[in-house]
Amino acid sequence: MPESVKQGFTLRRPSLDDAAWIWRLVRETGVLDENSSYAYLLLCRDFAETCLVAERDSQLVGFVTAYRPPSRTDVLFVWQIGVSSMARRQGLGLLMLTELVSRCRCEGGYGVSFVEATVTRSNQASQRLFASLAKRLQARLVHGEGFRQTHFRFGHHEAEPLIQIGPIADG
Ligand SMILES: CC(C)(COP(=O)(O)OP(=O)(O)OC[C@H]1O[C@@H](n2cnc3c(N)ncnc32)[C@H](O)[C@@H]1OP(=O)(O)O)[C@@H](O)C(=O)NCCC(=O)NCCS
């Protein structure tokens with residue numbers, strides 16, 4: 001799908017040239033797990049159809065990385081979402097998620113019916129964001145186990161409980 005302009009933001013699929021900017025934005029959030037820049041190159045090359053970037057004044061101000069788990073292709077699993085500090089609380093997080101869900105339901109008959117993510121209990125902004133998404137999609141939000149603290153084993157990492165939104169109704 002071509003780029004679209006909504007609420008003053010340009011939304012489009014990422015390209016390889018976006019990977020380093022996504023990596024930098026991840027670091028700037030100070031909250032998201034920092035992965036290697038190589039990981040974002042792979043996402044922008046091989047998973048671009050289920051990822052999205054947002055620009056304002058030709059600057060990358062937001063991104064969502066997501067994929068469809070191979071054994072559960074009706075799920076869109078949101079891996080990371082970030083909005084630069086200057087663009088927060090302006091509806092961009094919700095806009096990117098609704099746009100990505102809509103693209104994944106329109107394009108190529110993906111048949112995405114559920115959105116999943118894991119969110120730490122301390123991340124109130126993200127908890128609120130996914131609650132807003134469920135409301136917008138008029139779908140149920142349920143909590144699951146996700147990843148326990150012990151799954152991370154080495155070093156400190158908060159537990160990452162699962163959030164599942166769906167089934168998403170047509171229309
Ligand atoms: C989480 C994040 C992506 C939200 O992006 P955003 O563009 O500011 O969110 P939106 O403006 O679309 O807001 C969506 C909802 O969340 C609420 N919200 C956003 N930030 C919030 C905050 N800091 N505290 C409480 N609620 C918040 C908004 O009020 C809105 O709720 P409403 O629909 O009931 O009015 C952004 O804060 C961010 O990048 N944080 C750092 C990275 C991160 O934590 N990512 C998520 C990890 S899973």
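Read the numbers this way: they start at 1 and go in the same order the structure lists the ligands and their atoms. Along the sequence shown, residues are numbered consecutively beginning with 1. If you're wondering where the values come from, they're calculated on a predicted model, not measured in any experiment.
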Considering non-hydrogen atoms only, spot the tightest contact between Ala54 and Leu11 and give its length. CB-CD2, 3.7 Å
Please write down residue, atom name and distance for the protein heavy atom closest to atom 46 (C) of ligand 1. Ser126 OG, 3.4 Å
Less than 4.5 Å apart, any side-chain heavy atom of Val53 and any of Arg12? yes
Do Gln90 and Arg56 get their side chains close enough for a donor-acceptor pair, meaning under 3.5 Å? yes
Taking only Lys NZ, Arg NE, NH1 and NH2, and the carboxylate oxygens of Asp or Glu, determine whether Arg105 and Asp170 approach each other closer than 4.0 Å. yes
Is the closest N or O pair between Val83 and ligand 1 shorter than 3.5 Å? yes
Mind checking whether Ala125 contacts ligand 1 via backbone (N, CA, C, O), side chain (CB onward), both or neither, at a 4.0 Å heavy-atom cut-off? both
Can you tell me the protein heavy atom closest to atom 38 (C) of ligand 1 and the distance? Arg88 NE, 3.5 Å
Region of Gln90 engaging ligand 1 - heavy atom pairs below 4.0 Å: backbone
What protein heavy atom sits nearest atom 4 (C) of ligand 1, and how far away is it? Leu129 CD2, 4.1 Å
Test item, Ala117 contacting ligand 1 (heavy atom, 4.0 angstrom): no
With nothing but distance in play, are any N or O atoms of Val31 less than 3.5 Å from an N or O of ligand 1? no
Is it the case that ligand 1 has an N or O less than 3.5 angstrom from some N or O of Asn123? yes
Given Leu60, which of Thr10, Asp17, Asp18 fulfils the side-chain contact (heavy atoms from CB on, under 4.5 Å) condition? Asp18
Just distances here: any N/O of Leu94 and N/O of ligand 1 closer than 3.5 Å? yes
Can you confirm whether something in the protein, heavy atoms only, sits under 4.0 Å from atom 26 (N) of ligand 1? yes
Are any of the N/O atoms on Arg128, whether in the backbone or the side chain, positioned under 3.5 angstrom from an N/O atom of ligand 1? yes
Where does the angle between the aromatic ring planes of Tyr40 and Trp79 fall among parallel (under 30°), tilted (30 to 60°) and perpendicular (over 60°)? parallel
Is there a nitrogen or oxygen of Gly91 sitting under 3.5 Å from a nitrogen or oxygen of ligand 1? yes
Counting both backbone and side chain atoms, is some N or O of Ser132 under 3.5 Å from an N or O of ligand 1? yes
Check: Arg89 N/O within less than 3.5 Å of ligand 1 N/O: yes
Can you sort out which atoms of ligand 1 are near Gly82, meaning under 4.0 Å from one of its heavy atoms? 39 (O)
